[in-house]
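A quick write-up on the structure given underneath.
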Amino acid sequence: MPELPEVETVKEGLNQLVKGSHVNSIDILYPKMINVNPEKLKVTLTNQNIKRIDRRGKYLLFRFSNDMTLVSHLRMEGKYDVEPEGTEPTKHTHVIFHLNDDRELRYKDSRKFGRMYLIKNGDEHTLSGLGTIGPEPTEDDLTFDYMKSIMNKGRGKIKPFLLNQSHIAGLGNIYCDEVLWLSKIHPETITNTISDNQIMELRKNIIEEIKMAIKGHGTTVHSYSNAYGEAGQFQNSLHVYGRAGEPCERCGTNLEKIKVAQRGTTFCPNCQHKVTKNG
DNA sequence: AACGCCTCCTGCACGC
DNA sequence: TGCGTGCAGGAGGCGT
């Protein structure tokens, strides 16, 4: 499931492969995934250049030469491939951008969970998800004061709190479990009981983990690959995700898998505590 | 306002 | 073998 580091890797690949490319025509094979009707999308983006691709949280933002933006969210299985013109589309190919150099940019998605939105530049705030997205998990954007203020308002469990993109942008199920393990916080800890020292630790781990995962070109699980079709490296650096039943690297206790807010959650029952401010 | 629950969609792992 | 069943999961929408 692509999270921020995977989407960043895809963005980098797309900028190298299709930045500056001219769109000759567009085929839309699965219209349901787009928030405007197919004709409108075709009319708007045909004969435009892809100026560049940006990223915000897990959203890709294709900037076109007519000041329009195609927002693309990969959700679970979405990916982009660049292939020679005329390659037979697989059954998971949903949108094809025909470029003017005998190549095609193809959106593929085996689960059809991904979504695209067409907006004017600057109208990002009008989209329900992107419009309310929280700060990027970086040293400059995710300040301690911000973390403290939102966490002190959180009455629910920390895991779903971190998955909520309006709090912090880009964390998904994998990196959530990882940063909670790194911070020794139980995933069911009530958010506003977490001490300032733990908030500081959690913030540090979120920023560091995302930075390292981007360096490793993301985590490869299931079908994820970047626009080159390459796999990421970071799955080799995961401590809990996908390791239920294996011993914790810190204390040797077998890692457990539970459900928290309908999400599979792996953690160490021994060294991840529901510590409160009062001890 | 903040949170919980349901839905989308398909591939895959099961059990018989 | 092949069928049916249940599960996974990000985020949007809705109810509380």
Side-chain angles (χ1 to χ4, degrees), chain A residues 1-8 10 28-36 55-61 71-79 89-95 107-119 124-134 136-137 146-180 187-194 210 213 218-225 235 238 240-245 256-267:
Chain A
M1 55 228 68
E3 302 180 29
L4 191 156
E6 293 74 44
V7 179
E8 175 67 19
V10 171
I28 299 168
L29 308 171
Y30 184 65
K32 241 183 119 174
M33 63 170 292
I34 309 172
N35 77 329
V36 294
R55 180 193 58 75
R56 180 74 171 90
K58 304 178 203 170
Y59 293 87
L60 289 166
L61 305 157
V71 179
S72 171
H73 197 298
L74 305 173
R75 294 281 185 96
M76 307 298 301
E77 306 278 342
K79 58 182 172 180
T90 67
K91 67 171 178 171
H92 300 313
T93 304
H94 305 313
V95 182
Y107 179 75
K108 302 177 185 179
D109 189 342
S110 65
R111 290 207 183 153
K112 297 182 175 173
F113 260 29
R115 291 292 179 267
M116 291 183 189
Y117 312 87
L118 183 65
I119 57 167
E124 286 82 353
H125 65 279
T126 63
L127 295 179
S128 58
L130 192 54
T132 57
I133 197 165
E136 294 284 311
Y146 170 81
M147 281 274 288
K148 185 175 167 177
S149 75
I150 59 165
M151 287 180 67
N152 285 343
K153 284 186 279 187
R155 292 180 285 110
K157 296 170 182 175
I158 185 65
K159 167 107 187 230
F161 184 91
L162 292 177
L163 287 173
N164 185 332
Q165 302 297 297
S166 73
H167 296 145
I168 302 169
L171 297 178
N173 210 34
I174 298 173
Y175 296 114
C176 252
D177 283 5
E178 292 298 315
V179 298
L180 289 173
E188 294 179 309
T189 309
I190 301 302
T191 305
N192 64 11
T193 67
I194 295 174
I210 294 296
T219 297
T220 299
V221 289
H222 303 143
S223 64
Y224 162 77
S225 62
Q235 62 277 11
L238 300 179
V240 280
Y241 183 85
R243 294 186 177 233
E256 283 182 14
K257 186 165 183 179
I258 59 171
K259 284 252 186 184
V260 181
Q262 276 96 312
R263 300 278 176 262
T265 301
T266 310
F267 73 108

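To find a chain, count down the sequence lines: A is the first, B the second, and so on, and within it residues start at 1.
Between the axis at the start and the axis at the end of the helix from B:dA2-C:dT16 to B:dC16-C:dG2 there is an angle of 40°, using five pairs per end and rounding to 10 degrees.
A close approach under 4.0 Å does not occur between any side-chain nitrogen or oxygen of A:Arg75 and OP1 or OP2 of C:dG9. At least one side-chain nitrogen or oxygen of A:Lys32 sits closer than 4.0 Å to the OP1 or OP2 atom of B:dC9. Taking 4.0 angstrom as the limit, A:Lys58 places none of its side-chain polar atoms (N or O) nearer than this to OP1 or OP2 of C:dG10. In terms of phosphate contacts, A:Ser128 brings a side-chain nitrogen or oxygen within less than 4.0 Å of OP1 or OP2 of C:dG13. When the side-chain nitrogen and oxygen atoms of A:His167 are compared with OP1 and OP2 of B:dA2, none of them lie within a distance under 4.0 Å.
A:Phe161 comes within 4.0 angstrom of nothing in the nucleic acid, heavy atoms only. Residue contacts shown for A:Gly172 are absent, as no nucleic acid heavy atom lies under 4.0 Å away. Among the atoms of the strands shown, only primed sugar atoms or phosphate atoms (P, OP1, OP2) are found under 4.0 Å from some heavy atom of A:Lys259. Within 4.0 Å of A:Glu3, counting heavy atoms only, lies no atom of the nucleic acid at all.
Judged by distance alone, the side chain of A:Glu178 and the main-chain N or O of A:Val240 form a donor-acceptor pair under 3.5 Å. A donor-acceptor pair under 3.5 Å links the side-chain atoms of A:Thr265 to the main chain of A:Arg263, judged by distance alone.
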For this session: List the steps, then state whether side-chain contact (heavy atoms from CB on, under 4.5 Å) holds for A:Met33 with A:Tyr107.
Result: CA-CA 11 Å; A:Met33 63 170 292; A:Tyr107 179 75; 3.3 Å; yes
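The CG atom of A:Asn164 sits 16 Å away from the C1' atom of C:dG9 (whole-angstrom rounding). Rounded to a whole Å, the NZ atom of A:Lys257 is 10 Å from the C1' atom of C:dG9. We find that NZ of A:Lys157 is positioned 11 Å from C1' of B:dG4, with the value rounded to whole Å. A straight line from CD of A:Glu6 to C1' of C:dG9 spans 14 Å, rounded to a whole angstrom. For the pair A:Asp109 CG and C:dA8 P, the computed distance is 19 Å after rounding to whole Å. Rounded to an integer number of Å, the gap from CG of A:Leu4 to P of C:dG10 is 14 Å.
A:Cys176 approaches A:Leu163 most closely through the heavy-atom pair SG-CD2, 3.7 Å. What you find for A:Ala169 and A:Glu136 is that their closest heavy atoms are CB-OE2, 4.0 Å. Between A:Gly154 and A:Ile190 the shortest heavy-atom distance is O-CG2, 4.3 Å. Closest approach of A:Gly264 to A:Asp177, counting heavy atoms only: O-OD2, 4.0 Å. The two residues A:Pro2 and A:Gly78 have their closest heavy-atom pair at CG-O, 4.4 Å. In plain terms, the two heavy atoms of A:Glu3 and A:Leu171 that are nearest each other are OE1-C, 3.9 Å.
Among C:dG9, B:dC9, B:dA2, the nucleotide with an atom closest to any side-chain atom of A:Arg155 is B:dA2. Between C:dG10, B:dT10, B:dC6, one nucleotide has an atom nearer to the side chain of A:Met76 than all others, and that is C:dG10. Comparing C:dG12, C:dA11, B:dG11 by their closest approach to the side chain of A:His73 singles out C:dA11. The side chain of A:Arg263 has C:dG9 as its nearest neighbour among B:dG11, C:dG9, B:dC5. Of the candidates C:dG10, C:dG12, B:dC9, the closest approach to any side-chain atom of A:Tyr30 belongs to B:dC9. Taking every side-chain heavy atom of A:Lys91 into account, B:dG11 is the closest of B:dG11, C:dG10, C:dG9. Among the nucleotides C:dG10, B:dC8, C:dG13, the one closest to any side-chain atom of A:Arg115 is B:dC8. Closest to the A:Gln165 side chain, of the nucleotides B:dT10, C:dA11, B:dG11, is C:dA11. Side-chain atoms of A:Ser110 lie closest to B:dG11 of the nucleotides C:dA11, C:dG13, B:dG11.
Between A:Tyr117 and A:Phe113, the residue anchored closer to the 5' end of DNA chain C is A:Phe113, taking for each the nucleotide with the nearest heavy atom. Each of A:Tyr59 and A:Thr265 lies near DNA chain C, and the nucleotide nearest A:Thr265 is the one positioned closer to the 5' end.
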